[in-house]
Every structure is written in C-alpha cells, then in structure tokens.
Peer 1: 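A single structure is presented below for examination.
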Amino acid sequence: MNTNALRSLWKEAFGDSDTFLNLFFSTAFHPDRFMALWEQEQAVAALYWFDCQYEGRKIAYIYAVATAKSHRGQGLCRRLMEKTHGLLKRLGYSGSILAPAEKGLFSLYEKLGYTLCAHIDSLSCQAGTPIPLTRITGSEYARLRRTLLPAGSLLQEGVTLDYLQKWCGFYQGENCLICASREADTLYVQELLGSRDLAPGITAALGAKTGHFRMPGNTVPFAMYYPLDNAPAPTYLGLAMD
C-alpha cells in the first residue's frame, strides 16, 4: 500500500527522519497492524501495533498514536482508539497496552479506558570499569530473556526484536542481558535484565560516558492496559519503542 500519507502524519507528529521512517515501514509496518482515520486522501489520525503475548494470549502493543495538528481537539483520538479496540477484539486479542511518552498522557489514556498496569525502575550513571559483553542475535536475546523476565511480563519477540535490532544492540554479560543504543557519548538501555550494579561497567563497555537504564521495578509508572476480555493485565512491559 502507499504509505506516503502515513509518513507525512508521522513526521508532523514526531519529527522523525526519513531514515527512521524507512526503517519502520520496511521492517515493522504491516497493513494488518495499523489503524487510521482519513479525510479524502489525508491521514488525520493513525496508530500502529506490535503483536505480543501474555500467558498464551495475544496482546497488542500500541505505538505512535498521532493526530494531525489541523484536526486536534475534535475527538479523533478517542474515535481512533475505539475503532482499534473493536478491531482487536474481533481479531481475538485479549487487550492492548501502551507506554505514554509523557506524564500528561497518562490522564488522557485513562479517559479512554486505560489503567496503569506496569512500572519500571530507572537509573543514570557515569562510566566505570568495563565489563565483558558479547553481542548476540535477536533470537538469542529472546531465548535468554524468557529465563530472566519477572513474573507478569509481556513477551515481545518476532517482528518486535527484528525492528529493535535495526537500531539497538543485544548484549549478554555475566549476570546481565541488555538491549541498548548509543548516541554520541550517551548510552540508552531500553532494558537491563540482571544486576543493576553492573550499569557503570556496561556503560564503559559500550563506549559511552553516561548511561541511562530501564529495568524491572516499581518506582516509575510506565505502561497502561485496556482489557478486551477478562484476562489479567501484564505487569511488565520491557521494550518500549521510544
């Protein structure tokens, strides 16, 4: 399908580069995993999702919810989410989960029926003494991740890891498993499973001066859930696409 209108809306909403959009639409996008509202040939609201699993049930991780600036304040986000929830329910999903990008968005999604379901911990550190790390494949990361995830975790595999692998690295060390990307001298760790005491050594090993880490925990509100049946909600979303 022609995705030019979707790309235009995405660029307006999030400011991402053509390089990033090429990556998303060539790797993660599928015409069966998005919803849009159209005005003539213009996409005025859109969202996308990744397929995940929780306790053997399908969960949609909703990503990149956007409304055109010219159409904000008209209730399009609510309409878009309602249409999405209806479709997901017909397709057999048990629920949808999302990670609000800003604190103010938690109240917005609460009005749309979402409730807080998952927290994380975060820390920042300076580089310390490097520790040995080995770069691994997405399939290796998925296998090892299953052994380290806390109870209540959402499984994010397949296309999710294929996409992340385009702009992140997966690494294994003694007592740690890491998904991370680096920008200049700063390391961004989307997920650290294992000992958080290793954060300074990980930062140094991956060539950064400063590291910012996310990990399982209970201090930072992180994800919200919309139930489509009576199944329980996940309590850990580890890999957010932000």
Peer 1: With a 6.0 Å cut-off on the ring centroids, do Phe222 and His119 count as close?
Peer 2: no
Peer 1: Look up atom NE2 in His71 and atom SG in Cys77, then write down how far apart they are to the nearest 0.5 Å.
Peer 2: 14.5 Å
Peer 1: Show the nearest heavy-atom pair for residues Ala180 and Val189, with the distance to one decimal.
Peer 2: CB-CG2, 3.9 Å
Peer 1: From Met81 CE over to Leu47 CG, what is the distance, rounded to the nearest 0.5 angstrom?
Peer 2: 6.0 Å
Peer 1: Verify the cluster assignment for Ile97 and Tyr109: are they in a single hydrophobic cluster under the rule of side-chain heavy atoms below 4.5 Å apart?
Peer 2: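 As far as the 4.5 Å side-chain criterion goes, Tyr109 and Ile97 are not connected within one cluster.
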Peer 1: Could you tell me the separation between the OG1 atom of Thr19 and the CZ atom of Phe24, rounded to the nearest 0.5 Å?
Peer 2: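 Nearest 0.5 Å value for the OG1-CZ distance: 15.5 Å.
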Peer 1: Please check if the distance between the ring centroids of Tyr226 and Tyr114 is under 6.0 Å.
Peer 2: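 Tyr226 vs Tyr114: aromatic centres under 6.0 Å.
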Peer 1: Same cluster or not: are Leu76 and Phe14 linked, directly or through other Ile, Leu, Val, Met, Phe, Trp or Tyr residues, by side-chain heavy atoms under 4.5 angstrom apart?
Peer 2: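 Each belongs to a different hydrophobic cluster.
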Peer 1: Is any side-chain heavy atom of Phe170 closer than 4.5 Å to a side-chain heavy atom of Thr137?
Peer 2: no
Peer 1: Hey, any chance Leu144 and Phe213 share a hydrophobic cluster, counting ILVMFWY side chains that come within less than 4.5 Å of each other, even indirectly?
Peer 2: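 Hydrophobic grouping puts Leu144 apart from Phe213.
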Peer 1: Side-chain donor-acceptor pair under 3.5 Å between Thr219 and Asp121, yes or no?
Peer 2: yes
Peer 1: Could you please spell out the steps behind the salt bridge (Lys or Arg N to Asp or Glu O under 4.0 Å) verdict for Lys11 and Asp18?
Peer 2: CA-CA 8 Å; Lys11 288 187 74 170; Asp18 286 328; 3.1 Å; yes
Peer 1: Can you list the steps and then say if Ile59 with Ser94 is a side chain to side chain contact (heavy atoms under 4.5 Å, CB included)?
Peer 2: CA-CA 6 Å; Ile59 304 293; Ser94 287; 4.0 Å; yes
Peer 1: If you measure from NE2 on His85 to CG on Leu112, what distance do you get to the nearest 0.5 Å?
Peer 2: 7.5 Å
Peer 1: Any side-chain donor-acceptor pair under 3.5 Å between Asp51 and Tyr93?
Peer 2: yes
Peer 1: So, for Ala127 and Ala208, which heavy atoms are closest and what is the spacing to 0.1 Å?
Peer 2: CB-O, 3.4 Å
Peer 1: Which residue in the set Gln156, Met224, Glu191 passes side chain to side chain contact (heavy atoms under 4.5 Å, CB included) when paired with Leu237?
Peer 2: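 Answer to the side chain to side chain contact (heavy atoms under 4.5 Å, CB included) test with Leu237 among Gln156, Met224, Glu191: Gln156.
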Peer 1: Could you give the distance from OH (Tyr236) to OG (Ser153), rounded to the nearest 0.5 Å?
Peer 2: 6.5 Å
Peer 1: Considering residues, nucleotides and ligands other than Arg72, do more than 12 of their heavy atoms fall under 6.0 Å from its CZ?
Peer 2: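 For Arg72, atom CZ is crowded (more than 12 foreign heavy atoms under 6.0 Å).
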Peer 1: Taking all non-hydrogen atoms of both residues into account, name the closest pair between Ala240 and Ala99 and its distance.
Peer 2: CB-CB, 4.3 Å
Peer 1: With a 4.5 Å cut-off on side-chain heavy-atom distances among I, L, V, M, F, W and Y, is there a chain of contacts connecting Leu149 to Tyr225?
Peer 2: yes
Peer 1: Just checking His30 against Phe25, ring centres under 6.0 Å apart?
Peer 2: no
Peer 1: Counting only heavy atoms not in Lys83, do more than 12 fall under 6.0 Å of its NZ?
Peer 2: no
Peer 1: Would you kindly say whether Tyr141 and Glu157 are connected by a side-chain donor-acceptor distance under 3.5 Å?
Peer 2: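 The answer is no; no qualifying pair exists.
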Peer 1: For Tyr48, run the side chain to side chain contact (heavy atoms under 4.5 Å, CB included) check against Thr84, Leu6, Ile62, Val65 and tell me which one passes.
Peer 2: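 Of Thr84, Leu6, Ile62, Val65, side chain to side chain contact (heavy atoms under 4.5 Å, CB included) with Tyr48 is met by Leu6 alone.
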Peer 1: Any chance the side chains of Glu183 and Thr186 put a donor and an acceptor closer than 3.5 Å?
Peer 2: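 No, Thr186 and Glu183 have no side-chain donor paired with an acceptor closer than 3.5 Å.
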Peer 1: For residues Ala101 and Leu105, report the shortest heavy-atom separation together with the two atoms involved.
Peer 2: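 Closest pair (atom of Ala101, atom of Leu105, distance): N-CD1, 3.8 Å.
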Peer 1: Kindly indicate, with the supporting measurements, whether the criterion side chain to side chain contact (heavy atoms under 4.5 Å, CB included) is fulfilled by Gln126 and Thr203.
Peer 2: CA-CA 7 Å; Gln126 299 300 307; Thr203 302; over 6 Å; no
Peer 1: So Tyr171 and Ile136, do their side chains get closer than 4.5 Å, heavy atoms only?
Peer 2: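 Of all side-chain heavy-atom pairs linking Tyr171 with Ile136, none is under 4.5 Å.
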Peer 1: Are any of the side-chain heavy atoms of Cys168 and Gln190 separated by less than 4.5 Å?
Peer 2: yes
Peer 1: Before you tell me yes or no, could you show the steps for Lys58 and Leu88 under side chain to side chain contact (heavy atoms under 4.5 Å, CB included), namely the whole-Å CA-CA distance, both residues' side-chain angles and the distance that decides it to 0.1 Å?
Peer 2: CA-CA 10 Å; Lys58 287 201 304 182; Leu88 291 174; over 6 Å; no
Peer 1: Between atom CG of Leu80 and atom OG1 of Thr67, what is the distance when rounded to the nearest 0.5 Å?
Peer 2: 7.0 Å
Peer 1: Among the clusters formed by ILVMFWY side chains lying less than 4.5 Å apart, do Phe50 and Leu91 turn up in the same one?
Peer 2: no
Peer 1: May I ask you to test the Pro221-Phe106 pair for a side-chain heavy-atom distance under 4.5 Å?
Peer 2: yes
Peer 1: Taking all heavy atoms of Trp38 and all of Ala5, pick out the closest pair and write down the distance.
Peer 2: CZ3-CB, 3.7 Å
Peer 1: Is any side-chain heavy atom of Leu161 closer than 4.5 Å to one of Leu239?
Peer 2: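 Side chain of Leu239 against side chain of Leu161, heavy atoms only: contact under 4.5 Å found.
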Peer 1: In this structure, is the centre-to-centre distance between the rings of Trp10 and Phe29 below 6.0 Å?
Peer 2: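 No.
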Peer 1: For a side-chain hydrogen bond (donor to acceptor under 3.5 Å, both in side chains) check, start with the C-alpha distance between Asn175 and Ser195, then their side-chain angles and the critical distance, and finish with the verdict.
Peer 2: CA-CA 6 Å; Asn175 299 321; Ser195 174; over 6 Å; no
Peer 1: Do Tyr188 and Arg182 make a side-chain contact, defined as non-hydrogen atoms from C-beta onward lying under 4.5 Å apart?
Peer 2: no
Peer 1: In terms of ring plane angle, is the pair Tyr163 and Trp167 parallel, tilted or perpendicular, where the classes change at 30° and 60°?
Peer 2: perpendicular
Peer 1: What's the verdict on side chain to side chain contact (heavy atoms under 4.5 Å, CB included) for Thr210 and Cys125, showing C-alpha distance, side-chain angles and the deciding distance?
Peer 2: CA-CA 6 Å; Thr210 303; Cys125 67; over 6 Å; no
Peer 1: Considering non-hydrogen atoms only, spot the tightest contact between Leu133 and Gly173 and give its length.
Peer 2: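 Scanning both residues completely, I find the closest heavy atoms to be CD2-CA, 3.8 Å.
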Peer 1: Check for a donor-acceptor pair, side chain of Arg78 on one end and backbone N or O of Lys111 on the other, with a separation under 3.5 Å.
Peer 2: yes
Peer 1: Any side-chain heavy atom of Glu174 sitting closer than 4.5 Å to one from Ile131?
Peer 2: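 Glu174 vs Ile131: side chains apart.
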Peer 1: With a 4.5 Å limit on heavy-atom distance, are the side chains of Leu192 and Arg214 in contact?
Peer 2: no
